[in-house]
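First the structure, in the form of structure tokens, and then the observations on it.
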Amino acid sequence: VQLQASGGGLVQAGGSLRLSCAASGGTFSRLSMGWFRQTPGKEREFVGAIRWRGDSTYVADSVKGRFTISRDNAKNTVYLQMNSLKPEDTAVYYCAAKRESSLSRLGYDYWGQGTLVTVSS
């Protein structure tokens with residue numbers, strides 16, 4: 001499974017971005033998808049996940065009410081809609097996939113290359 005994240009960029013605080021992660025080489029509809037983020041010197045943070053049917057999602061408390069995860073199995077793509085962005089959301093965002101039907105932050109087998117999100121104050 002190959003994952004390609006896109007949609008990052010520079011945005012002012014309070015703005016919005018939508019990240020996309022396109023998957024290829026596997027049965028996307030059978031993959032649970034996750035989003036992570038990382039800033040230099042910090043551990044990778046689990047942002048959230050969505051099960052393969054898209055009927056169940058989880059987002060971390062740090063982004064709850066601002067970020068939403070969705071997927072389009074017909075397009076083999078998962079999305080991270082980010083609203084009300086804050087400077088502390090600045091990070092490289094990674095998408096990941098696993099065959100396990102789980103919203104856990106653990107067990108991801110496949111990773112995308114990351115896309116940089118920069119939120120200016």
Side-chain angles (χ1 to χ4, degrees):
V1 177
Q2 292 80 45
L3 303 174
Q4 180 75 38
S6 61
L10 174 64
V11 63
Q12 288 188 333
S16 298
L17 278 177
R18 188 178 78 160
L19 305 184
S20 300
C21 175
S24 61
T27 305
F28 180 75
S29 61
R30 295 295 182 178
L31 297 172
S32 295
M33 302 296 296
W35 284 98
F36 295 77
R37 65 186 183 185
Q38 189 166 25
T39 55
K42 292 188 177 181
E43 290 189 359
R44 186 168 56 199
E45 178 186 6
F46 179 53
V47 175
I50 185 167
R51 284 201 172 110
W52 59 272
R53 284 182 176 173
D55 56 348
S56 184
T57 62
Y58 166 85
V59 291
D61 288 343
S62 58
V63 303
K64 192 169 292 183
R66 300 187 298 120
F67 290 13
T68 303
I69 298 175
S70 62
R71 66 191 293 160
D72 186 339
N73 286 347
K75 295 182 178 180
N76 288 356
T77 302
V78 63
Y79 303 98
L80 179 65
Q81 178 65 46
M82 305 185 295
N83 300 326
S84 302
L85 283 161
K86 305 175 181 180
E88 51 263 45
D89 295 319
T90 295
V92 176
Y93 283 72
Y94 299 89
C95 59
K98 61 182 176 181
R99 301 188 187 282
E100 175 189 0
S101 178
S102 163
L103 297 176
S104 167
R105 69 182 187 274
L106 302 175
Y108 286 89
D109 304 307
Y110 309 100
W111 294 83
Q113 86 289 0
T115 185
L116 176 62
V117 172
T118 303
V119 184
S120 63
S121 57

Option passing ring pair (Phe, Tyr, Trp, His ring centres under 6.0 Å) with Phe46 (candidates Trp35, Tyr93, Tyr94, Tyr58): Tyr58
Sidechain N-carboxylate O distance under 4.0 Å for Asp89, Lys86: no
Output yes when a side-chain donor or acceptor of [X] lies under 3.5 Å from a complementary backbone atom of [Y], and no otherwise.
X: Arg66; Y: Ser84; result: yes
X: Thr77; Y: Lys75; result: yes
X: Lys98; Y: Leu106; result: yes
X: Gln113; Y: Gln4; result: no

Flag the pair [X] / [Y] as yes when at least one side-chain heavy-atom distance between them is below 4.5 Å, and no otherwise.
X: Ile69; Y: Met33; answer: no
X: Arg37; Y: Val63; answer: yes
X: Ser16; Y: Gln81; answer: yes

Between [X] and [Y], is there shared hydrophobic-cluster membership here, with clusters defined by ILVMFWY side-chain heavy atoms closer than 4.5 Å?
X: Trp111; Y: Leu80; result: no
X: Tyr79; Y: Ile50; result: no
X: Val117; Y: Val78; result: yes
X: Tyr108; Y: Val47; result: no
X: Phe67; Y: Phe36; result: no

Distance-minimising heavy-atom pair for [X] and [Y]:
X: Ala97; Y: Leu31; value: CB-CD1, 4.1 Å
X: Ser32; Y: Ser102; value: OG-N, 3.4 Å
X: Leu17; Y: Leu85; value: N-CD1, 3.9 Å
X: Lys42; Y: Gln38; value: O-NE2, 3.1 Å
X: Asn76; Y: Asn73; value: OD1-O, 3.1 Å
X: Leu103; Y: Ser56; value: CD1-OG, 3.2 Å

Lys NZ or Arg CZ of Arg71 over Phe28 ring: under 6.0 Å, within 45°: yes
Arg105 CZ: over 12 foreign heavy atoms closer than 6.0 Å: no
Distance (rounded to the nearest 0.5 Å) between Thr39 OG1 and Glu45 CD: 8.5 Å
